[in-house]
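First up is the structure itself, then whatever we jot down about it.
If you read the sequence from its start, that first residue is 1, and numbering goes on from there.
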Amino acid sequence: MILRGRYDIMIEVFCRDHAELLSFMTEKLSMVDGVRDTESFMHLKIVKEIYF
């Protein structure tokens, strides 16, 4: 997604557990040129997902 406002780009990543998320953020995402900051959000419950 390309956004307007506080965030430039938002990505959705599915991880098996916290360790996998940490690994993704520290070993992969932080190595992408131009990535200066990250902020993560966790779904507590997904009621319905719609993809277009």
Residues in side chain to side chain contact (heavy atoms under 4.5 Å, CB included) contact with Ile46, at least two apart in sequence or another chain: His43, Glu49

Salt bridge (Lys or Arg N to Asp or Glu O under 4.0 Å) partners of Glu27, counting only residues at least two apart: none

Residues forming a side chain to side chain contact (heavy atoms under 4.5 Å, CB included) with Met42, sequence neighbours excluded: His18, Leu21

Stepwise side-chain contact (heavy atoms from CB on, under 4.5 Å) test for Ile11 and Leu29: CA-CA 11 Å; Ile11 62 171; Leu29 189 58; 4.3 Å; yes

Which donor-acceptor pairs under 3.5 Å do the side chains of residues 32-41 make with protein atoms, sequence neighbours left out?
unit_1 : atom_1 : unit_2 : atom_2 : d
Glu39  : OE1    : Arg6   : NH2    : 3.3
Glu39  : OE1    : Tyr7   : OH     : 3.0

